[in-house]
Amino acid sequence: MPTHLITLTFQECRSRYGLDANDLRTFVDYGLLDAAPAPDTVVVEEPDVLLPRLARLHHELGLSPEAVDIILAMRRRLEHLQTALRYETARNRQLEDFVRGNGQVVEW
């Protein structure tokens, strides 16, 4: 799946998501956002998902950038584990079908 990176100015981030320049610079310093080559711009993969989440965690819940970083890392890990669980569940289902004689036998 191709990755679509979008470059946003600090002004766009402030008007759309309520993140001011100081917040954005702090997030860039902590590695939560990537700075773009142009001044006062950031590069974001999914801005309508990530930036509102950053704004909620930082402003509404009052979490520090360090805490936001930890929460986002835990979320990525949880998503990875959920994907692995779906994969293993599907493999288990295939094995159970095969053992019960309901599954296809693939000859190599």
Side chains of Arg86 and Thr89, donor plus acceptor under 3.5 Å: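 There is no such pair between these side chains.
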Side-chain donor-acceptor contact under 3.5 Å, Gln11 with Thr9: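 Their side chains do not contain a donor-acceptor pair, so the 3.5 Å distance test is not met.
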At what distance, to the nearest 0.5 angstrom, does [atom1] of [X] lie from [atom2] of [Y]?
X: Leu24; Y: Tyr17; atom1: CG; atom2: OH; answer: 11.0 Å
X: Asp34; Y: Thr7; atom1: CG; atom2: OG1; answer: 10.0 Å
X: Asp48; Y: Arg53; atom1: CG; atom2: CZ; answer: 11.5 Å
X: Arg76; Y: Leu78; atom1: CZ; atom2: CG; answer: 12.0 Å
X: Arg25; Y: Asp23; atom1: CZ; atom2: CG; answer: 10.5 Å
X: Leu72; Y: Arg77; atom1: CG; atom2: CZ; answer: 16.0 Å

Can you hop from [X] to [Y] via hydrophobic side chains spaced under 4.5 Å?
X: Leu5; Y: Leu50; result: no
X: Leu81; Y: Tyr87; result: no
X: Leu57; Y: Tyr30; result: yes
X: Leu19; Y: Ile71; result: yes
X: Leu51; Y: Leu61; result: yes

Any Glu88 side-chain heavy atom under 4.5 Å of Asn92 side chain: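 Side chain of Glu88 against side chain of Asn92, heavy atoms only: no contact under 4.5 Å found.
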Beyond-backbone contact of Val28 with Leu33, side-chain heavy atoms, under 4.5 angstrom: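 In short, these two side chains touch, coming nearer than 4.5 Å.
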Salt bridge flag under 4.0 Å for residues Glu96 and Arg93: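 No, no charged N to carboxylate O under 4.0 Å.
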So which atom in [X] and which in [Y] form the shortest heavy-atom distance, rounded to 0.1 Å?
X: His58; Y: Val68; result: N-CG2, 4.4 Å
X: Cys13; Y: Val42; result: SG-CG2, 4.0 Å
X: Gly18; Y: His59; result: O-NE2, 3.5 Å
X: Asn22; Y: Thr26; result: O-OG1, 2.8 Å
X: Thr41; Y: Ala36; result: OG1-CB, 2.9 Å
X: Pro52; Y: Pro47; result: CD-O, 3.2 Å

